[in-house]
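Have a look at the structure below before the remarks.
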Amino acid sequence: MRVDDEASFDAFVHTVSGRLLRAAWLLTGDWHAAEDLVQVALEKTWPRWPTLTDADHRIAYTRRVLTTSYLRGARRRWTGELATETLPETAVDGGIDDALISASLRSATSRLPAKQRACVVLRYFLDLSEADTASAMGTSVGTVKSNTARALDALRRDPVMVGLLEINASPRSRPNRGAAPIDRNEVGRCD
Amino acid sequence: VTSDALEERLPDLLERAAPQPPRDLNGASIRRASTSGAVTRVTAAVAYTESNRTHRGRAWRWTAPGVAAMVVIAIAVTWALTAGHHPLDRHHDGAIQRPTGIEALNAQRRAATTAALDRLLAAFSMPSTWRASTRPLSKALALPTDDPTSYLVSRARLWVTTDAADTAMTYVSSHLPSQVTGGNAIEPTADFASAWFTPGGQWSRSTNYAGMAISVIIERLRPGTVGVEIEASAYWLPLRTPAQTIPDSVTGAAVAIRSEISKKIHHGHLNAADARTLAHEINQLTVTYQAPSMCPMPGPSATLTFTSPAGPQTVTVNSNCPSGVFVKPRTHGMQIDLAPGRVFSHLLSTLNLPANFGRR
């Protein structure tokens, strides 16, 4: 590795890690797991760095490692994690609205299968095309389409999401009586 | 919530939902960890997987659950032998709880039905090149799990073969056990074949079970590998428990009959004599294997609430079923699906309602 490779990799980590960490948090619902996921993805990217000359290839490769690592981890029956009875309070920037959205989305997406959740995060948070999502997941465009459609269908019928969309009919509106009750036990759940 | 509304709002919601990371990752430390060639963080689920694969291998990952299960079974058997009882016989307070009376007889009927299914499946003979499997091969080729509260029991056998699905189905169809006759089948292809058979003679009916059926599903699992499942199911015939019997000491019954035409509910009351007569008729009905789905066009329905010193007992009666009687045990009371006939006619005449009440 050359010195300029190291510098460019460090800059790459600095640039992309924030976005990837947030995506990984949406996938796992847990900061420790999210950090581990992103770090593993970046560690696996580094040995390939000299061959990844194009910026698009670099982020695409990292995304693919991250997604496949997540899906492989989600396939395991037991991840060695233990649920705690007391849920940690998470500080969320943006006040009560974003806290409500964060808890509600976390609750709703936690009920989705791993592939569907990955499709939602890649398509709607990372704003990837269907082809790029398929590439990141190592699957076909058709599978991405079907998984995305199933995920949206499930979210559309999820009472938490129904309540969330109802109370957030206009951006930054405050919750009202129409809010669906949020199961506090769902907040902080990690699959 | 429309799909469009959700799709439109989802990016913004996800953006607001994902909190900012608590700290930045350090590129230099990631490079060092990567160069050292090992992912060693014990808290990482992914790293745990990698570590598992590297040091123990695929064989251990597959066999470990089996070894753990055998250890648990060995401990349970040892405990049972030393205690002198079956583990399930011991109540939490230490008293021995053995099924008695009708419960014991019903348990015997269920066990006899299961044994009959096992004998039937054992009568299928497959080529020596077909490899038997004890684990689910796919979603469609999964071993059945019985609901202990249901009257339906199922057993299955699985095989893996290199034959095409249609070839395998041809073999199965031409090597059926005796008294198993041809049933229905879909047009088989090289990838998928399915057929249903009806056992006759010794398999068809006994005092313990009825309605036995066999389904064969053959599915290509991957190129060159085909899975075969033969599943046998039967309804075991339960004896009525005291909870499913109306006591002779009934003092009356409140009746609500719902018309299928006008959707109106007619309320009435039976005196002690009429209620006792109706209760006697209901008690004489035999529990059969007919499923509730066999009443596709229900006629008028009635809810009877019998009162007695033992307490109220609710019976829901659906009429207009094709044939037979199906008594479903409920937590409170029971449900009866029956053909138009004596019980419902008696009920209508007792309440001075026309015989065609609630029918089209």
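In what follows, every chain begins at residue 1, and chains take the letters A, B, ... in the order their sequences are listed. It should be emphasised that the depicted structure is a prediction, and the values quoted were computed from it without experimental measurement.
Rounding to the nearest 0.5 angstrom, the gap separating the CG atom in A:Leu105 from the CZ atom in B:Arg16 is 10.0 Å. In this structure, CZ on A:Arg123 lies 7.5 Å from CD on B:Glu7, to the nearest 0.5 angstrom. The distance from atom CD1 of B:Ile30 to atom OG1 of A:Thr45, rounded to the nearest 0.5 Å, is 9.0 Å. A distance of 11.5 Å separates CG of B:Leu10 from CZ of A:Phe125, quoted to the nearest 0.5 Å. Considering CG of A:Leu126 and CG of B:Leu14, their distance stands at 9.5 Å, rounded to 0.5 Å. Within the model, atoms CG of B:Leu25 and NE2 of A:His14 stand 11.5 Å from one another, a figure rounded to the nearest 0.5 Å.
Contact between B:Pro21 and A:Arg22 at its shortest, heavy atoms only, is CD-CG, 3.9 Å. Pairing each heavy atom of A:Phe9 with each of B:Gly27, the nearest pair is CE2-O, 3.8 Å. Closest of all the heavy-atom pairs between A:Glu43 and B:Ala33 is OE2-CB, 3.2 Å.
Only the side chain of A:Leu21 comes within contact range of chain B, with heavy atoms under 4.5 Å apart.
Of the charged side-chain nitrogens involved, at least one lies within less than 4.0 Å of a carboxylate oxygen, so that A:Arg19 and B:Glu15 count as a salt-bridged pair.
Within the 4.5 Å cutoff, side-chain heavy atoms of A:Asp10 are placed close to those of B:Arg31.
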